[in-house]
Undergrad: 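Okay, here's the structure, questions in a sec.
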Number of protein chains: 2
Amino acid sequence: MRLRGCRALERLRALIGPSLREAAGLMEALLRERGWMLLWASCRAYYEGRGASESSRGDVLVMVKPDRSVIVHGPRGFKPMNWQPSGSTVSVGVEAGSLVVKALRRNPRELLVLECGEVYLVGGLLEPRSPEFYMYMSESEIRDVLAANPGLIEDGLRIVGVELPVEPGFVDMYGYDKDGRLVVFEIKRVKAGESAARQLLRYIEALRSRGLSNVRGVLLAPDFTESAIRLLETSGLEYKRIDLRRLYELASRRLLGRGSRDLLDYLGRG
Amino acid sequence: MRLRGCRALERLRALIGPSLREAAGLMEALLRERGWMLLWASCRAYYEGRGASESSRGDVLVMVKPDRSVIVHGPRGFKPMNWQPSGSTVSVGVEAGSLVVKALRRNPRELLVLECGEVYLVGGLLEPRSPEFYMYMSESEIRDVLAANPGLIEDGLRIVGVELPVEPGFVDMYGYDKDGRLVVFEIKRVKAGESAARQLLRYIEALRSRGLSNVRGVLLAPDFTESAIRLLETSGLEYKRIDLRRLYELASRRLLGRGSRDLLDYLGRG
DNA sequence: AAGTAAATGTCGACG
DNA sequence: CGTCGACGTTTACTT
C-alpha cells in the first residue's frame, strides 16, 4: 500500500499510480467517511440529463466533495467538462477493466458516468476545514451603500426605499429628487447592456400605466454599452456612472480585518 | 525529494507533505513546462477585480491548467470559491513563511492571491491529453432537427430559413404554414419563462412595424412557465411543446459511436 | 416546488 | 476589442 501520512497530514490519503482495484478501495473508503476526494486519471465521460454529452479518452481531474458534488475538469478552460451538483448519489467500482464512477442526480434525473482506464493519482482529505468566505460588493451591497449616501448620485436626492415590487419584478431603489419628483433606480454592478435598460424601461412603463406619469428612471452602473445608452435616451431615461472602488471604500467591510495581510499589500507590489 | 514516477506515469509529478520551498520549486517547474498543476493546501484567498472577496484560512484545492486558468475550490459546492480565467499571469513564491500564488488578469484588471501555510499535496501532469468532447442537443441542434422535420411542429409547415436577422437579434427559425402565413419561431431548450416570451414578442412587434401584420409567432420549448403562457396569450402569440428525447433520437448523432460503451447501457442498469 | 433575477457568471460568435 | 445571447448555466431568494 502506498498510503502515506505524516504528523501534520493525518487527514490526507494518497495513492500514486495505483491499480484500479486499489484506487476503487480508497475511493470507497473516502465516500463512506465523507472525505474530499480527488482522482486524476485517463477517462471517458458520459452524461445524459437535460442535455447529453460524451467524450473520448483523455486526462481528467475528478473532484468529489463531502457534499457529493462531482466536478470533472479537462486540461483546458475554467469551466468543468462535466459535473453533478451536491446531493448526488456517487458510486465507485471496477467493471470490465475500468474504474467506473457514477454520479446520479434525481430531479431532474441526470446521470454522469466516468470510465477510467489508467489512474495517475487518487487523493483524499478527511474532515476538510471550510474557509470562511466573504464576497464584497454584491448588487445588494452597492444598493445599500448608495441608499446610505444618496449624494453620490445627485444633490438633494432622498432615498425612500429599496426592492419596490412593481409588475413582474422589483425596482432596486427609489426616492424623490430635490424637486420632489419620484426617481426609480436600476443598479448593475457590471457594465449595463441593452437588457438592463429594457428592464428599467419596463418598470417605468408599468409605473406610468398606473398613473405615475412624472416618474424619472435612472440606470446606475460602472459603465454602459452604446446600445444601452441609445435605448435610454430614446426612451427618456437617464443613466449615471458609479465608482465601485469608492463605494467599496465607503462600505469598508472586512471579514478578517486586523492581523490578516491586506490585498492592497499585494496590489501595491503587483 | 519525494518526486515519483512509474513507467506509465512518466508525465506525473507528485509531492506529499512537502516543505513550502519544495512545493514552490515543483510548481515553478510545472509553470515553466506548461503542465497541469494541483495544489492541496491550507490557504487564505484574496481577490479584487470586478468584485472583491476574502477568506480565512481553510482547506482548498487549487488547479492551474496549462492555459493558465486558475480554479480554487473549497470543500463544499459545485462552484469554485475563487478563480481566474485562462490567460492569466501566474506566479509562485515563498514570502514570509507562506507559499504565495498570484494570478493576475488584465482587462479587466483582477488579482487573485493565495497564501498557503501548509501544503498537503502538490501534483503535476505534463503534456495532458485533452479528451474530445461532444455536447448533444444545443439550441442550434434542436433548431436543425426541427427544420428538417417541420411536421413535428404542425402539418403543412414549410421551413424557409434560420437565424433571420431582425431588429436587434435573430429569429431562430421561420417559414410558412399550410395557409401561406409567415410563422416565426423562438426555440428554448429548457422551460421557457417570461423573458423568452418577451423576446419573441419583441421580434413580432419589429416585424409588424415593418408592415408584416399577418405574421404568427410561436414559442417552442419542452415546457412553459405560467407567466410566459399569460404573456403569450395576451399578446396573440402561440406556443407548442417539443419533445427533446424524440429530437435526440432523430438527431442520433454520436461522436464516438461504435466500440464505445453507450450511456444507455448504464442508464439501463441505473 | 416554481419563478425570478444576479453572477467576478463563462463562452462563443460576429461585427 | 465590444456586444450579444446561450448555457446541463448555478445560486439565492421569494412566492
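As the structure is a computational prediction, the values presented were derived from the model and not from experiment.
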Undergrad: Quick check: closest heavy atoms across B:Ile187 and B:Asp172, and the distance to 0.1 Å?
TA: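 Looking at all heavy atoms of both residues, the shortest contact is N-OD2, 2.8 Å.
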
Undergrad: Please name the pair of heavy atoms, one in A:Pro131 and one in B:Val60, separated by the smallest distance, quoted to 0.1 Å.
TA: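 Shortest heavy-atom separation between A:Pro131 and B:Val60 comes out as CG-CG1, 3.9 Å.
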
Undergrad: Dot-bracket for DNA chain D, please. Rules: Watson-Crick or G-U, both distances under 3.5 Å, ( ) within the strand, [ ] when a pair crosses earlier ones, | for another strand, . otherwise.
TA: |||||||.|||||||

Undergrad: B:Lys191: what forms a side chain to side chain contact (heavy atoms under 4.5 Å, CB included) with it, not counting sequence neighbours?
TA: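 For B:Lys191 the side chain to side chain contact (heavy atoms under 4.5 Å, CB included) partners, ignoring immediate neighbours, are B:Asp223, B:Thr225.
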
Undergrad: Does a sphere of radius 6.0 Å around CZ in B:Arg246 hold more than 12 heavy atoms from other residues, nucleotides or ligands, not counting ones at 6.0 Å or beyond?
TA: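 Not more than 12 within 6.0 Å, no.
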
Undergrad: Just N and O in the side chain of B:Lys191: are any of them under 4.0 Å from OP1 or OP2 of C:dA2?
TA: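 Answer no for this pair, as no side-chain N or O of B:Lys191 is under 4.0 Å from OP1 or OP2.
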
Undergrad: Does B:Arg230 pair with B:Glu194 as a salt bridge, N-O distance under 4.0 Å?
TA: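 So B:Arg230 does not pair with B:Glu194 through a salt bridge.
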
Undergrad: Check the distance between C:dA5's P and A:Arg143's CZ and give it to me in whole angstrom.
TA: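 To the nearest whole Å, that distance equals 15 Å.
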
Undergrad: Nearest-nucleotide wise, let me know which of B:Glu139 and A:Gly193 is further upstream toward the 5' end of DNA chain D.
TA: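 Per heavy-atom nearest nucleotide, the more 5' residue is A:Gly193.
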
Undergrad: When you compare C:dT4 with C:dT8, how far apart are their P atoms, in angstrom units rounded to a whole number?
TA: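 Result for the P pair: 22 Å, nearest Å.
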
Undergrad: What is the separation between atom OH on A:Tyr248 and atom C1' on C:dT8, rounded to the nearest whole Å?
TA: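 So the OH-C1' distance, A:Tyr248 to C:dT8, works out to 13 Å.
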
Undergrad: With rounding to the closest Å, how many angstrom separate the P atoms on D:dG8 and D:dC4?
TA: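 About 22 Å, rounded to a whole number of Å.
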
Undergrad: Check this for me, if you would: do B:Glu141 and B:Arg189 make a salt bridge, where the nitrogen-to-carboxylate-oxygen distance has to be below 4.0 angstrom?
TA: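 Salt bridge absent between B:Glu141 and B:Arg189.
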
Undergrad: Without decimals, in angstroms, what is the distance between A:Leu200 CG and C:dA5 P?
TA: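 Taking CG of A:Leu200 and P of C:dA5, I get 14 Å after rounding.
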
Undergrad: Look at the aromatic rings of A:Phe78 and B:Trp83 and report parallel, tilted or perpendicular, splitting at 30° and 60°.
TA: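 The arrangement is tilted - the two ring planes meet at 30° to 60°.
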
Undergrad: Below the 4.0 Å mark, does C:dA5 have OP1 or OP2 next to a side-chain nitrogen or oxygen of A:Arg202?
TA: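 For C:dA5, OP1 or OP2 has a side-chain N or O of A:Arg202 closer than 4.0 Å.
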
Undergrad: Whole angstrom is fine here: how far is it from CZ in A:Arg198 over to C1' in D:dG5?
TA: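 Answer to the nearest Å: 10 Å.
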
Undergrad: Check the distance between D:dA6's P and B:Met173's CE and give it to me in whole angstrom.
TA: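 Rounding to the nearest Å, CE of B:Met173 and P of D:dA6 are 15 Å apart.
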
Undergrad: Calculate the interatomic distance between A:Arg230 atom CZ and D:dG2 atom P; express it in whole Å.
TA: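 About 16 Å, once rounded to whole Å.
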
Undergrad: Name all residues meeting the side chain to side chain donor-acceptor pair (under 3.5 Å) criterion together with A:Ser138; count only those two or more places apart in sequence or in a different chain, and write none if there are none.
TA: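 A:Ser138 satisfies side chain to side chain donor-acceptor pair (under 3.5 Å) with A:Ser140 only.
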
Undergrad: Quick one: closest heavy-atom pair of A:Ser69 and B:Gly77, and the distance?
TA: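 Where A:Ser69 meets B:Gly77 most closely, the heavy atoms are OG-O, 3.5 Å.
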
Undergrad: Within residues 217-229 of chain B, find the residues that approach DNA chain D with a heavy atom at under 4.0 Å, and present them sorted by residue number.
TA: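 Under 4.0 Å from DNA chain D: no residue of residues 217-229 of chain B.
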
Undergrad: Which residues satisfy the side chain to side chain donor-acceptor pair (under 3.5 Å) test with A:Arg50, sequence neighbours excluded?
TA: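 Checked A:Arg50 against side chain to side chain donor-acceptor pair (under 3.5 Å); matches are A:Glu110.
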
Undergrad: What string of B, S and - do you get for nucleotides 8-15 of chain D 5' to 3' if you count protein non-hydrogen atoms under 4.0 Å?
TA: BSSS----

Undergrad: Between atom CD in A:Glu163 and atom C1' in C:dA6, what is the gap in whole Å?
TA: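 Interatomic distance, CD of A:Glu163 to C1' of C:dA6: 11 Å.
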
Undergrad: Less than 4.0 angstrom from a charged side-chain N to a carboxylate O is my criterion; do B:Glu238 and B:Lys240 meet it?
TA: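 Not counted as a salt bridge, because no side-chain N and carboxylate O are separated by less than 4.0 Å.
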
Undergrad: Do any side-chain nitrogens or oxygens of A:Gln199 fall under 4.0 Å of OP1 or OP2 in C:dT4?
TA: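 No.
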
Undergrad: Do A:Glu205 and A:Arg198 sit within salt-bridge range, that is, some charged N less than 4.0 Å from a carboxylate O?
TA: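 No.
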
Undergrad: Measure CG/A:Leu231 against P/D:dT3 and give the value in whole Å, please.
TA: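 Between P of D:dT3 and CG of A:Leu231: 14 Å.
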
Undergrad: For C:dA7, does OP1 or OP2 lie under 4.0 Å from any side-chain N or O of A:Lys188?
TA: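 Checking A:Lys188 against C:dA7: no side-chain N or O falls below 4.0 Å of OP1 or OP2.
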
